[in-house]
Amino acid sequence: MAKLVVIEGLDGAGKRTLADALTVEFDKSGASSTRIAFPRYGQDVHADLVRDAMYLRLGDLVKSVHGMAVLFALDRRAAIEQIEQGLAEYDVVLLDRYIASNAAYGAARLHEDGRGEFVSWVHELEVGRFGLPVPDAQLLLRVPVEVAAQRAARREDADATRARDSYESDDGLQARCAQVYDQLAADGWLAPWHVVDGVATSDFSTLATSLLA
Ligand SMILES: Nc1ncnc2c1ncn2[C@@H]1O[C@H](COP(=O)(O)OP(=O)(O)O)[C@@H](O)[C@H]1O
Ligand SMILES: Cc1cn([C@H]2C[C@H](O)[C@@H](COP(=O)(O)OP(=O)(O)O)O2)c(=O)[nH]c1=O
């Protein structure tokens with residue numbers, strides 16, 4: 001059975017870098033894998049609207065936590081076929097951000113915790129109403145908030161296309177988001193979580209093997 005594996009974490013935590021490392025390990029184990037990163041900027045109209053709102057080009061839309069979350073969720077809804085096709089053709093579909101990103105960032109914006117109303121609303125919307133596939137595993141790539149901010153800033157300097165958006169440049173939001181993520185992982189929200197230390201050198205080979213089991 002193919003596995004749907006999600007990587008979650010703060011902006012700049014190193015999710016893309018972890019996805020690269022896991023792809024190499026899956027390959028070494030003879031497992032085929034494919035990747036999708038959300039939001040699917042440039043591929044889905046809802047994701048492009050998210051980006052416009054984030055860079056303050058859509059008036060007061062960005063102020064609406066629920067409005068933004070609906071756009072993120074619609075991008076994923078439009079990807080259901082792509083995810084299902086990936087699960088039919090590959091051993092692993094690796095997602096860089098998924099439903100828990102909406103739960104964590106939205107709850108953090110509303111100053112709620114991981115057991116609050118917003119997190120339940122996201123579950124109801126994305127799983128209950130939109131029927132998005134539930135992951136087999138969620139990886140929380142955990143790094144101190146300051147480390148994530150430094151990495152995001154360094155990446156911004158190195159890559160002009162990755163200038164920080166209005167969520168990424170809000171340090172208070174990132175700190176609250178880290179707390180919500182910890183709670184979601186501790187509660188096993190939506191699916192089982194594995195916490196990966198993003199600062200220590202991790203054994204990606206063992207991690208990949210456990211994800212394939
Ligand atoms: N384990 C690590 N140690 C040091 N720097 C890292 C590590 N992982 C990622 N980085 C660097 O941090 C920046 C952000 O990483 P990236 O994978 O793009 O994060 P994300 O996808 O979570 O936003 C990049 O410049 C990347 O090279
Ligand atoms: C996918 C997703 C992202 N987000 C947030 C997390 C990030 O702060 C922001 C943008 O996503 P991000 O992965 O940082 O995109 P990029 O690095 O390519 O700019 O959106 C949500 O609030 N809900 C979601 O469903």
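Since this is a predicted model, take the numbers as computed values, not measurements. Just so you know, ligand 1 is whichever comes first in the structure, and atom 1 is the first atom listed for that ligand.
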| query | Heavy atom under 4.0 Å from ligand 1: found in V199's side chain, backbone, both, or neither? | reply |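 Neither part.
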Heavy atom of the protein closest to [atom] (residue, atom name, distance):
{"atom": "atom 6 (C) of ligand 1", "result": "R151 NE, 3.6 Å"}
{"atom": "atom 23 (N) of ligand 2", "result": "N102 OD1, 3.1 Å"}
{"atom": "atom 21 (O) of ligand 1", "result": "R16 N, 3.0 Å"}

Measure from [atom] to every heavy atom in [options] and give the option owning the shortest one.
{"atom": "atom 12 (P) of ligand 2", "options": "E126, R162, R97", "answer": "R97"}
{"atom": "atom 15 (O) of ligand 1", "options": "G9, A13, G14, A200", "answer": "G14"}
{"atom": "atom 3 (C) of ligand 2", "options": "Y41, F72, F38", "answer": "F72"}

| task | Indicate yes or no: does an N/O atom of K15 lie under 3.5 Å from an N/O atom of ligand 1? | result |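 By distance alone, the answer is yes.
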| request: Below 4.0 angstrom from a heavy atom of E168, which ligand 2 atoms are there? Numbered from 1 as shown, please. | output: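 By the 4.0 Å cutoff, the relevant atoms are 14 (O), 17 (O), 19 (O).
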| request: Would you check the N or O atoms of D11, main chain and side chain alike, for any that come under 3.5 Å of an N or O of ligand 2? | output: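 Yes - when backbone and side-chain N and O of D11 are compared with those of ligand 2, one distance drops under 3.5 Å.
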| Short N or O distance, K15 and ligand 2, threshold 3.5 Å exclusive |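 There is no such contact.
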| Does any non-hydrogen side-chain atom of V180 lie less than 4.5 Å from one of D113? |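 D113 vs V180: side chains apart.
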| said: Would you say that E89 contacts T34 through its side chain, given a criterion of any heavy-atom pair below 4.5 Å between the two side chains? | reply: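 No - every pair of side-chain heavy atoms lies 4.5 Å or more apart.
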| field | Atom indices of ligand 1 within 4.0 angstrom of G198 heavy atoms, with elements | value |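 Going through ligand 1 atom by atom, the ones under 4.0 Å from G198 are 1 (N).
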| query | Near T17, which atoms of ligand 1 are under 4.0 Å from a heavy atom of that residue? | reply |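 Once the distances to T17 are compared, the set is 8 (N), 9 (C), 15 (O), 16 (P), 17 (O), 26 (C).
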| task | Could you label the plane-to-plane angle of the Y98 and F38 rings as parallel, tilted or perpendicular, counting under 30° as parallel and over 60° as perpendicular? | result |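 Rings of Y98 and F38: tilted, as their planes differ by 30° to 60°.
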